[in-house]
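Down below is the structure, laid out as structure tokens.
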Amino acid sequence: MARPFNVTEIEEKWQARWADEGTYQVDNDDPRERFYALSMYPYPSGSAHQGHVRIYTFGDVVVRYQTMLGKAVLSPFGFDSFGLPAENAAIKAGSHPRVFTEDRMKELKASLLRLGAVYDWRREVTSHDPKYMRWSQAIFIAFFNAGLAYRAEAAVNWCPGCGTVLANEQVLSDGTCERSGDLVERRNLEQWFFKITDYAEELLRNLDTLDWPQRVVTMQRNWIGRSEGVEFDLPFANDRSKAIRVYTTRPDTGFGVTYAVIAPEHPLLEELTTAEQRDGVQALVERASKESEVVRTSTSEGGIALEKRGAFTGSYVINPFTDEQVPVYVADYVLGTYGTGAIMAVPGEDERDFAFASVYGLPVVHTTQPPEGFEGGAYSGDGAHINSDFLNGLDVAEAKTKAAEYLAEHANGIWKVNYRLRDWLVSRQRFWGCPIPIIYCDVHGTVPVPDDQLPVLAPDDVVMDKSGQSPLATHDAFRNTTCPICGGPARRETDTMDTFCDSSWYFLRYADPWTDGKAFDPAEAAKWMPVDQYVGGIEHAILHLLYARFYLKALDDLGWAPGLPREPFTRLFSQGMIRLSGSKMSKSKGNLVAPQEYYDFVGADGLRLFHLFAGPPADDFDWNDQTDEIIEGCGRFLDRFYRLTQYHEVNFHDGVDEGDVEVRRAVHRTILRVTEEFEGWSHNIAVAALMELFNTVSKWARSDHGAERTTLDEAIDAMLKMLAPMSPHVTAEIWEMRYPDKLTVHRQAWPVADPELVKHSTITMVIQINGKVKARLEVPPDISMADAETEALEVNAINVALAGATPKRIVSRPPRLVNIIV
RNA sequence: GGGGGCGUAGCCCAAUUGGCAGAGGCAAGGCGCUUAAACCGCCUCAAGUGAGGGUUCGAGUCCCUCCGCCCCUACCA
């Protein structure tokens with residue numbers, strides 16, 4: 001593209017100036033109103049792609065816009081620099097993950113700097129920086145000391161491809177690893193967990209207070225999965241002193257319980273299994289023990305046939321409602337980790353139970369009257385109870401209460417809240433992560449590494465392979481240590497922490513990165529927290545956001561965060577994904593579009609403008625063959641704007657006339673619109689409004705009649721200011737040409753619309769007959785209903801159209817419309 | 001199976017939240033500029049809103065059914 005100005009030159013000039021002058025550095029004691037603008041820190045994957053450009057453009061617009069509103073804006077940046085890809089790449093390349101990672105960081109930083117996004121680089125945080133690790137580990141130890149971090153043997157998700165345990169969240173719905181795509185296996189291992197379930201209720205409740213996208217709130221709510229129900233006993237038929245404890249959300253269906261099911265790992269299974277059934281039960285248990293939870297709980301096609309998924313134990317329990325014996329089955333779809341690991345089965349009201357009962361020939365009793373014409377097997381809706389003795393006639397809610405009372409009296413029943421949320425498994429059998437700072441002593445057991453020995457750093461001379469053990473486990477010099485208590489021989493923990501631990505508190509460190517003796521000084525962090533605007537991808541809707549919320553609450557309860565809010569992110573914006581011809585753009589798919597060529601093509605300003613203009617920021621954007629032309633159009637708009645500001649093609653006249661007034665109105669209406677669209681995250685419309693204003697101003701200024709100088713100056717200045725957060729380089733350059741002695745455009749105040757000028761002097765009122773537009777009329781905006789109707793009926797075209805007919809009814813919505821019904 | 005979103009001009013997208021279907025851009029076409037082309041400037045073009053039904057004076061917007069695409073979630077008792 002032939003440009004009217006030297007894009008590269010001015011971009012380099014302004015980027016250098018922002019860096020040299022520290023324009024967007026803020027100090028913690030800045031007297032202005034504070035605003036914390038945060039974009040999720042990236043995993044350093046190498047040079048930037050369009051997804052990066054998109055998120056960091058949005059973030060930068062927030063920073064510059066809020067600054068122009070007069071606030072001290074905290075705009076930090078850093079890198080989520082631990083993680084598996086670096087380790088895998090290093091194994092392949094025979095290098096060290098640190099070398100690999102730091103190279104990639106440099107690369108990403110450079111290509112992001114070319115975007116012109118501004119940060120306070122003094123506050124940079126990187127996960128693998130020993131100074132940061134020291135506090136990641138200190139937090140782990142604080143959690144450990146408070147009982148929030150614990151070690152337990154657990155059936156965990158094991159990914160053979162990655163050679164590590166995964167969190168539930170990292171297992172996809174088809175039972176494969178989100179990263180490698182391998183089928184996840186189940187293994188029993190000693191693992192570290194964080195007790196996030198202690199916070200389930202608060203994590204759920206506070207969701208209502210957050211200004212977050214509804215779908216993210218919904219996803220978190222579903223993930224936490226709160227349910228209310230009753231826990232009670234099903235006594236053994238042959239020994240009523242013993243019982244299986246079950247959990248149900250539908251105690252009202254108790255009269256329909258025709259069997260019970262326990263999980264394969266249930267402690268009572270052995271006792272309940274009779275000799276005749278032993279083989280069948282054992283086969284099932286064996287198979288289930290190898291399946292991942294996801295596979296176990298999947299009934300979709302390709303799953304294991306229901307016939308093979310359950311087995312009769314040979315025993316019976318008593319239904320406390322009917323006092324009748326019902327058989328006990330074991331089935332893999334009942335999980336040992338949820339509720340009590342055993343259920344009462346109600347095939348009449350539960351579809352899973354119905355399907356199971358159908359296969360195993362178990363009786364079905366309906367206890368809720370299904371609506372007429374109901375054809376399914378199980379009816380789970382509301383209705384009057386039937387076949388239920390003292391519950392008959394009650395609806396579900398009433399029956400639940402009454403059934404719970406009955407169970408409390410007859411079966412040790414208690415109301416109980418259950419959550420789908422599990423404790424967070426944080427151990428990773430990998431090298432490139434933050435080592436878990438724990439020492440195992442034969443005498444003193446599990447001992448945290450003393451504070452003065454933090455951070456625990458992994459040695460560099462480690463052999464990395466995919467054996468399945470942590471590479472650190474085979475490094476004797478690291479592994480063998482002494483007990484901090486007795487000085488005797490001891491072993492270090494060789495697992496590392498989930499990288500989500502690193503990203504769960506980085507925003508606190510940003511607020512106070514200079515503190516040495518603490519993770520952060522709460523008084524300093526409180527000056528910025530909570531984050532006013534968080535910007536990031538929807539892919540973090542559950543994991544990162546939930547963990548970070550948990551960390552802050554836990555830190556507060558440990559006394560680390562007095563004066564800080566318990567919710568870290570007040571407002572969240574999740575930008576849409578960029579897809580390439582329909583499929584998600586990602587490094588693993590190899591379909592990235594590099595921004596580099598576009599920096600050369602339309603410059604950072606043009607590329608930024610494109611990302612803001614291409615569509616609603618929250619929507620996905622499909623990158624296709626025509627995208628380049630849209631980008632070019634954005635560059636062209638900046639060119640046109642630049643040319644206009646040179647005033648070469650403008651005719652001037654003296655004195656303000658009608659045309660000037662109209663232009664001023666357009667300017668102020670645009671200010672109002674752009675401000676609104678910025679606040680509402682509709683930058684695409686803000687850009688369109690600016691283009692519209694440009695067209696108006698340009699046409700007027702270039703007309704023979706020409707422009708009045710001060711009006712045109714006002715229009716150009718307002719446009720420069722509004723465009724400044726979006727296309728910062730060219731606007732800064734033009735502003736400097738116009739006002740060499742003033743502060744830069746980015747230090748100017750955001751323009752404010754004059755309410756008088758925003759008002760319309762007249763409005764076009766539409767006159768319809770039977771809903772069809774027959775005439776238009778210019779009316780004052782405050783026209784009364786009576787006047788509107790009178791004037792409408794006086795219009796000639798209306799009288800002609802009416803042809804003498806008498807209106808049956810007139811609907812008026814002044815000043816917009818009058819509809820005459822005949 | 002459950003939950004959510006989307007469908008407007010050849011394309012990307014607007015539409016004061018129930019009130020004239022069009023703001024902006026891209027593409028296409030025409031004219032001007034030019035020796036010519038590019039650039040640039042001006043102008044023109046286009047859909048009745050996925051389909052059908054309903055409510056209403058009036059529906060892109062609200063309700064129902066269906067079609068298509070996308071996302072999330074998936075036996076949590």
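By convention in this document, chain letters (A, B, ...) are assigned in the order of the sequence lines, proteins followed by strands, and residues within each chain are numbered from 1.
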When syn is taken as a glycosidic angle within 90 degrees of 0, is B:G48 syn or anti?
syn
Classified by glycosidic angle (syn within 90° of 0, else anti), B:U49 comes out anti
With respect to the phosphate group of [N], does any side-chain polar atom (N or O) of [X] fall under 4.0 Å of OP1 or OP2?
{"X": "A:N695", "N": "B:G25", "answer": "yes"}
{"X": "A:R420", "N": "B:A77", "answer": "no"}
{"X": "A:S227", "N": "B:A77", "answer": "yes"}
{"X": "A:R215", "N": "B:U73", "answer": "no"}

For the pair [X] and [Y], find out whether any cationic side-chain nitrogen is under 4.0 Å from an anionic carboxylate oxygen.
{"X": "A:D208", "Y": "A:R221", "answer": "yes"}
{"X": "A:E649", "Y": "A:R643", "answer": "no"}
{"X": "A:R579", "Y": "A:D620", "answer": "yes"}
{"X": "A:K416", "Y": "A:E228", "answer": "no"}
{"X": "A:K400", "Y": "A:D252", "answer": "no"}

When the [atom1] atoms of [N] and [M] are considered, how many whole Å apart are they?
{"N": "B:C42", "M": "B:C12", "atom1": "P", "value": "26 Å"}
{"N": "B:A38", "M": "B:G19", "atom1": "C1'", "value": "47 Å"}
{"N": "B:U17", "M": "B:C11", "atom1": "P", "value": "29 Å"}
{"N": "B:G52", "M": "B:A14", "atom1": "P", "value": "24 Å"}
{"N": "B:A36", "M": "B:U16", "atom1": "P", "value": "48 Å"}
{"N": "B:A77", "M": "B:C6", "atom1": "C1'", "value": "34 Å"}
{"N": "B:C66", "M": "B:C76", "atom1": "P", "value": "25 Å"}
{"N": "B:G25", "M": "B:C13", "atom1": "C1'", "value": "8 Å"}

Please determine, for the side chain of [X], which listed nucleotide ([options]) has the closest atom?
{"X": "A:R636", "options": "B:G41, B:A27, B:C72", "result": "B:A27"}
{"X": "A:R640", "options": "B:G25, B:G19, B:C76", "result": "B:G25"}
{"X": "A:T248", "options": "B:C57, B:G25, B:A77", "result": "B:A77"}
{"X": "A:I821", "options": "B:A77, B:C57, B:G24", "result": "B:C57"}
{"X": "A:R643", "options": "B:G19, B:C71, B:G41", "result": "B:G41"}
{"X": "A:V334", "options": "B:C75, B:A77, B:A74", "result": "B:A77"}

Could you check whether A:R640 and A:S698, counting side-chain N and O atoms only, form a donor-acceptor pair closer than 3.5 Å?
no
Pairing donors with acceptors under 3.5 angstrom, does anything connect the side chains of A:S227 and A:Y247?
yes
I need the [atom1]-[atom2] distance between [X] and [N], as an integer number of Å.
{"X": "A:E629", "N": "B:A27", "atom1": "CD", "atom2": "C1'", "value": "6 Å"}
{"X": "A:M577", "N": "B:C72", "atom1": "CE", "atom2": "P", "value": "7 Å"}
{"X": "A:W223", "N": "B:G4", "atom1": "CH2", "atom2": "P", "value": "20 Å"}
{"X": "A:F610", "N": "B:G25", "atom1": "CZ", "atom2": "P", "value": "16 Å"}
{"X": "A:F637", "N": "B:G41", "atom1": "CZ", "atom2": "P", "value": "12 Å"}
{"X": "A:L690", "N": "B:G25", "atom1": "CG", "atom2": "C1'", "value": "13 Å"}
{"X": "A:I262", "N": "B:A77", "atom1": "CD1", "atom2": "P", "value": "19 Å"}
{"X": "A:Y419", "N": "B:A77", "atom1": "OH", "atom2": "P", "value": "12 Å"}

With sequence neighbours excluded, residues passing salt bridge (charged side-chain N to carboxylate O under 4.0 Å, His left out) with A:E692:
A:R673
Sub-3.5 Å pairs of nitrogen or oxygen atoms, protein against nucleotides 58-60 of chain B:
none

Judged by each residue's nearest nucleotide on RNA chain B, which is more toward the 5′ side, A:K699 or A:E649?
A:E649
Go nucleotide by nucleotide along RNA chain B from the 5' end; which of A:N222 and A:C634 gets its closest nucleotide reached first?
A:N222
Both distances below 3.5 Å, Watson-Crick or wobble geometry, any strand: find the nucleotide opposite [N].
{"N": "B:G52", "answer": "B:C64"}
{"N": "B:C57", "answer": "B:G19"}
{"N": "B:A28", "answer": "B:U44"}
{"N": "B:C69", "answer": "B:G5"}

Hey, mind stepping through A:F621 and A:F610 against ring-ring contact (aromatic ring centres under 6.0 Å, His included) and telling me if it holds?
CA-CA 11 Å; A:F621 179 80; A:F610 156 75; 5.5 Å; yes
Counting primed atoms plus P, OP1 and OP2 as sugar-phosphate and everything else as base, spell out the protein contacts along nucleotides 8-14 of chain B at 4.0 Å heavy-atom distance: B, S or - for each nucleotide, 5' to 3'.
---SSSS
Using 30° and 60° as the class limits, which term best fits the ring planes of A:W681 and A:F573: parallel, tilted or perpendicular?
parallel
Would you call the rings of A:F356 and A:Y259 parallel, tilted or perpendicular if under 30° counts as parallel and over 60° as perpendicular?
parallel
Is the NZ or CZ atom of A:R420 positioned over A:W223's six-membered ring, under 6.0 angstrom from the centre and within 45° of the axis?
yes
Taking N and O atoms by type only, does the side chain of A:R422 place a donor or acceptor under 3.5 Å from a partner on the base of B:C76?
yes
Neighbour count above 12 (heavy atom, 6.0 Å) for A:E791 CD
yes
